[in-house]
Amino acid sequence: MNPDIKCIISDMDGVILDTEKLYVRFWCEAALFYGYPMETHHALSIRSMARPFAIAKLKGFFGEDFDYCKVHDKRIELMDKFISENGIESKPGAAEFLGFLKQNGYRVALATATAPERTKKYLSALGLYDYFDEIVCASMVAKGKPEPDIYLYAAEKLGLAPENCIALEDSLNGIKSASSAGCKTVMVPDLDRPSAEAIPLLYGVADNLIDVKRFL
């Protein structure tokens with residue numbers, strides 16, 4: 001075991017929960033509903049991105065008249081309907097991995113762009129909520145991902161220095177956030193592989209959550 005690693009701080013969507021694919025799908029459907037030609041690559045570019053940054057990014061794609069709030073609310077409506085009818089899934093090995101961390105004395109925190117009430121609802125539905133010692137959402141910090149605030153605050157709440165934390169991320173925005181906070185950032189790929197921009201920022205790449213154990 002690496003004695004320098006005291007905790008894991010993980011993103012939620014695409015790392016713990018298999019929900020990133022739903023965000024991408026319903027961002028595109030909601031935008032198309034209002035006549036904006038959003039495609040998968042547009043939606044991928046705003047993964048984990050805090051609202052102010054996402055608004056600027058999407059206006060850059062679709063023009064200043066892009067109505068973020070209207071599209072966002074429609075995305076929530078569509079995604080909520082889908083989840084109510086089909087449920088929600090965790091990523092393979094999530095419960096096993098989180099259980100391993102607790103059994104071996106690691107502190108565990110979540111750093112997510114998802115709102116607190118939805119975070120609790122989703123994790124509780126799968127019996128994963130109680131594995132986390134701390135949960136930090138973007139609404140709790142001044143600036144969300146890709147800024148470092150959320151990881152700095154999560155480490156602070158755990159009482160640890162960022163360099164003693166492994167951060168688990170699946171998106172470039174999350175990787176930028178965790179890396180700039182000083183965490184040892186491990187990518188657990190979900191919808192894409194590590195990009196040329198991401199690779200220099202990474203401590204490593206894991207095939208899945210169980211594979212993260214080799215970095216501990």
Side-chain angles (χ1 to χ4, degrees), residues 2 4-5 7-28 31 36-64 66 68 71-72 75 91-92 109-114 136-138 141-155 161-209 211-212 214-216:
N2 184 342
D4 294 331
I5 304 300
C7 78
I8 297 288
I9 306 175
S10 182
D11 179 42
M12 183 175 75
D13 297 295
V15 178
I16 302 298
L17 302 184
D18 195 14
T19 43
E20 202 69 85
K21 62 188 180 185
L22 301 182
Y23 282 97
V24 169
R25 172 183 168 180
F26 292 116
W27 264 116
C28 291
Y36 302 109
M38 187 181 290
E39 299 178 3
T40 298
H41 68 96
H42 298 124
L44 287 174
S45 74
I46 61 167
R47 279 179 302 164
S48 294
M49 188 175 276
R51 178 176 291 212
F53 303 114
I55 290 173
K57 188 89 169 178
L58 293 172
K59 285 189 173 185
F61 289 137
F62 305 113
E64 285 299 315
F66 181 84
Y68 177 91
V71 175
H72 176 268
R75 192 269 298 164
K91 294 292 287 185
L110 198 73
T112 179
T114 301
V136 179
C137 300
V141 295
K143 295 180 180 179
K145 301 174 187 180
E147 296 296 323
D149 302 36
I150 194 166
Y151 277 98
L152 291 172
Y153 187 43
E163 55 264 31
N164 295 128
C165 304
I166 279 183
L168 303 181
E169 277 288 352
D170 68 303
S171 71
L172 178 60
N173 292 313
I175 289 166
K176 287 179 176 179
S177 175
S179 174
S180 60
C183 298
K184 294 177 172 64
T185 307
V186 174
M187 184 177 186
V188 187
D190 179 34
L191 299 181
D192 54 10
R193 299 298 300 173
S195 65
E197 187 177 0
I199 288 172
L201 306 177
L202 293 173
Y203 184 65
V205 179
D207 293 333
N208 50 52
L209 284 172
D211 189 43
V212 173
R214 66 186 168 91
F215 295 101
L216 301 175

Exercise: identify the closest heavy-atom pair between [X] and [Y]:
X	Y	value
Ala161	Ala155	C-CB, 4.5 Å
Ile150	Val141	CA-CG1, 4.0 Å
Leu202	Pro194	CD1-CB, 4.1 Å
Pro146	Ser180	O-OG, 4.2 Å

[X] vs [Y] side-chain heavy atoms within contact, under 4.5 Å:
X	Y	result
Pro162	Tyr151	no
Lys145	Ser171	no
Leu201	Thr185	no
Val188	Asp170	no
Pro92	Asn208	no
Cys7	Asn164	no

Under the 3.5 angstrom rule, does the side chain of [X] hit a backbone N or O of [Y] as a donor-acceptor pair?
X	Y	answer
Ser177	Glu147	yes
Lys184	Glu163	yes
Lys143	Pro52	no

So, taking the atom named [atom1] in [X] and the one named [atom2] in [Y], what distance separates them when rounded to the nearest 0.5 Å?
X	Y	atom1	atom2	value
His72	Ile55	NE2	CD1	9.5 Å
Ile9	Glu169	CD1	CD	10.5 Å
Phe62	Lys57	CZ	NZ	11.5 Å
Lys59	Tyr68	NZ	OH	11.5 Å
Leu216	Ile166	CG	CD1	5.0 Å
Ile8	Cys165	CD1	SG	8.5 Å

All salt bridge (Lys or Arg N to Asp or Glu O under 4.0 Å) counterparts of Arg51, not counting sequence neighbours
none

Report the residues that fulfil salt bridge (Lys or Arg N to Asp or Glu O under 4.0 Å) with Arg193, sequence neighbours left out, ordered by chain and then residue number.
none

Checking [X] now: which residues fulfil side-chain hydrogen bond (donor to acceptor under 3.5 Å, both in side chains) with it, not counting sequence neighbours?
X	answer
Ser179	none
Glu64	none
Asp4	none
Tyr23	Thr114

Ring pair (Phe, Tyr, Trp, His ring centres under 6.0 Å) filter on Phe61, not counting sequence neighbours, yields His42

Not counting sequence neighbours, which residues clear side-chain contact (heavy atoms from CB on, under 4.5 Å) with [X]? List them please.
X	result
Lys91	Asp18, Asp190, Leu209
Leu172	Lys176, Ser195, Glu197, Ala198
Leu44	Val24, Thr40, Arg47, Leu191
Val71	Trp27, Ala30, Ala31, Tyr34, Tyr36, Phe66

